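Notes for the one structure printed next.
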Protein chains: 2
Amino acid sequence: MRETYHHGDLRRRLLDLTAETVAGRGVSEVSLRSLARAAGVSHTAPRNHFGSRAGLLTAFATEGHLILAERLREGAATSFLETGVAYVEFASAHPAHFAVMFSQEDLVVDDPAFVAARQQTFGVLCAGVEGLQDAGKVSDAAAAAIAGWSLVHGLATLALTGNLDASSVRAYVAEPDLSALARRAASMLYGSGTTAAPAAAERKEV
Amino acid sequence: MRETYHHGDLRRRLLDLTAETVAGRGVSEVSLRSLARAAGVSHTAPRNHFGSRAGLLTAFATEGHLILAERLREGAATSFLETGVAYVEFASAHPAHFAVMFSQEDLVVDDPAFVAARQQTFGVLCAGVEGLQDAGKVSDAAAAAIAGWSLVHGLATLALTGNLDASSVRAYVAEPDLSALARRAASMLYGSGTTAAPAAAERKEV
DNA sequence: CCCCGATGTTGCCAGTGGAAACATCGGGGT
DNA sequence: ACCCCGATGTTTCCACTGGCAACATCGGGG
């Protein structure tokens, strides 16, 4: 009843080890050989599952997009603002996945599974913007889409890379909770139209 | 009258080769040895100038921050909106520098020169936000600072990593000019307070 | 004039990605 | 029930890289 022949699901184990390594020491420290050692297999075993280092990172990024799309759908059920908050919360909860997903470096960008998973993420975002447009809450839907996505993506990126902590901007933001900060910042963009009391908004996120 | 003893300014040459390599094939393809070969020197010559691969990338990132800070000062002379536009235009004009500056990976983050240069960038941004606050144009200066920086940083990041082109969001943005797109998106954030006719705003940028 | 530090070279080592040839396990077709 | 064959994993090899140590060279300043 073992899931695979010899190891017992080496593929799953390698993806988990990737998450640990990226979160702890950065994506550049991810090597097929070190992961193989950690999993107790020979140094070419990972190639049977991912083909190459880029293949491993692509599979990892694909996993990330599937999780993110699910989180965005949950947020979208509440409001477009919460969709953005969910975006930042995903980055905070899965920093390793987030870092790899958008690196576009060392990724097999035309991998079918990856492209499909990424399309799910984009699909939820675009659906949210269409909702705003239909409700007449924004005049320039294109700018709203780009601005909203850029804002949450930039906030997540800056927070994860430590640039928020290291900067003198830190003097402005005593806010330790990234979710609350995301809600405050995003409210500035859609403040009048989408939510009157952003800090009190209820959420169903895990 | 040669600037250096043997090569003629190997340091400058290596930084230029780094820009070419990062822009063309990604930061992971930057190796001290390949750059040394391209410069026609032995494989350890770069170590005399940068100490290590991380040292090279840190020097490269430092150079980027000095350029960015200068561009931001020019934009800040016009308006805070133009400061944000200048941020995106820098990323577009110097994609290699931008990618390395915020990677926080393979960087000697406590390098004094790097920290000082980064502080220049943050200083200009914070000064711009203080200007907005003093003018009473924003109520929540902290959120405004984070939101503004996040928006332009996210837009630049998404554009450079190709996620803007690859996504179905592309259906919304026929806008080929990244500067104009940045102005449209940023206008949504400060539209009422800082500029009435964003598209017509004059600029002194090069 | 000559010493010494900046600059560059040669040789070495360990770690890595990748490929080929081979071994093993066990499910499915017969 | 048997055995073939593909999935999984191993062994062995190569080229490239980062880093270190010992050495060579250049030329400005004491």
Side-chain angles (χ1 to χ4, degrees), chain A residues 1-18 20-22 24-61 100 103-111 113, chain B residues 1-18 20-22 24-61 100 103-111 113:
Chain A
M1 286 305 163
R2 291 188 300 182
E3 299 180 20
T4 61
Y5 297 67
H6 303 86
H7 176 277
D9 205 349
L10 180 58
R11 180 186 169 90
R12 180 69 259 153
R13 178 75 181 128
L14 291 174
L15 288 174
D16 292 342
L17 286 170
T18 298
E20 292 177 21
T21 305
V22 173
R25 295 181 299 165
V27 64
S28 65
E29 294 299 312
V30 173
S31 81
L32 295 179
R33 292 170 108 100
S34 67
L35 297 188
R37 273 195 301 273
V41 295
S42 73
H43 68 268
T44 55
R47 281 178 57 89
N48 291 317
H49 296 277
F50 304 105
S52 68
R53 181 177 188 272
L56 166 68
L57 294 177
T58 302
F60 187 68
V100 174
S103 72
Q104 219 81 357
E105 178 110 347
D106 306 318
L107 248 53
V108 185
V109 288
D110 56 352
D111 177 85
Chain B
M1 283 307 164
R2 291 188 300 182
E3 298 178 20
T4 60
Y5 298 66
H6 303 87
H7 177 276
D9 204 349
L10 181 58
R11 180 186 169 91
R12 180 69 261 153
R13 179 74 183 129
L14 291 173
L15 288 174
D16 292 342
L17 286 170
T18 299
E20 292 177 22
T21 305
V22 173
R25 295 181 299 166
V27 64
S28 65
E29 293 300 312
V30 173
S31 81
L32 295 179
R33 292 170 108 100
S34 67
L35 296 188
R37 273 195 301 272
V41 294
S42 73
H43 68 268
T44 55
R47 281 180 56 88
N48 292 316
H49 297 277
F50 304 106
S52 68
R53 181 177 187 273
L56 165 68
L57 294 177
T58 302
F60 187 67
V100 174
S103 73
Q104 219 80 356
E105 179 110 344
D106 307 317
L107 248 54
V108 185
V109 288
D110 57 352
D111 178 84

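Bear in mind that the values here come from a model prediction, so they are computed numbers and not experimental data. FYI, side chains are in, hydrogens and waters are out, and symmetry mates aren't considered; it's all heavy atoms of this structure. Chain letters run A, B, ... following the sequence lines, proteins first and then strands; every chain starts at 1.
- Rounding to whole angstrom units, CZ of residue F50(A) and C1' of dT8(D) are separated by 13 Å.
- In this structure, R53(B) atom CZ and dC16(D) atom P are separated by 17 Å, rounded to whole Å.
- Contact annotation: side chain of T44(B) to base of dT10(C), donor-acceptor pair present below 3.5 Å.
- Closest approach of V22(A) and V27(A) over heavy atoms only: CG2-CA, 4.0 Å.
- Distance CG (N48(B)) to P (dG19(D)): 14 Å, rounded to an integer number of Å.
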Intra- and inter-strand pairs of DNA chain D in dot-bracket (Watson-Crick or G-U wobble, both distances under 3.5 Å; | for another strand):
||||||||||||||||||||||||||||||
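- The CG atom of L32(B) sits 16 Å away from the C1' atom of dT16(C) (whole-angstrom rounding).
- The phosphate of dT16(C) (OP1 or OP2) has a side-chain N or O of S31(A) nearer than 4.0 angstrom.
- Judged by distance alone with a 3.5 Å cut-off, no donor-acceptor contact links the side chain of H43(A) to the base of dT11(D).
- Side-chain contact, D106(B) with S28(A): a donor N or O sits under 3.5 Å from an acceptor N or O.
- For the side-chain contact (heavy atoms from CB on, under 4.5 Å) criterion with L14(A), the lone passing option out of V41(A), L35(A), L32(A) is L35(A).
- As rounded to whole Å, 10 Å separates atom P of dG18(C) from atom CG of L57(A).
- Taking atom CG of L56(B) as the reference point, atom P of dT17(D) lies 14 Å away to the nearest angstrom.
- Side-chain N/O atoms of R33(A) and base N/O atoms of dG17(C) include a donor-acceptor pair closer than 3.5 Å.
- In this structure, the separation between CZ on F60(B) and OG1 on T21(B) is 9.0 Å, given to the nearest 0.5 Å.
- For R12(A), the side chain to side chain contact (heavy atoms under 4.5 Å, CB included) partners are D9(A), L15(A), D16(A), E63(A), not counting sequence neighbours.
- To the nearest angstrom, P of dT8(D) lies 18 Å from CZ of R13(A).
- Contact annotation: S52(B) side-chain N/O to dG18(D) OP1/OP2 distance is not under 4.0 Å.
- Rounding to the nearest 0.5 Å gives a distance of 9.5 Å between OG of S42(B) and CZ of R33(B).
- Taking 4.0 angstrom as the limit, H49(B) places none of its side-chain polar atoms (N or O) nearer than this to OP1 or OP2 of dA6(C).
- With sequence neighbours excluded, the residues forming a side chain to side chain contact (heavy atoms under 4.5 Å, CB included) with A38(B) are L17(B), listed by chain and number.
- Here R37(A) lies in heavy-atom contact (under 4.0 Å) with sugar-phosphate atoms only.
- Atoms CZ (R47(A)) and C1' (dC22(C)) sit 15 Å apart, rounded to a whole Å.
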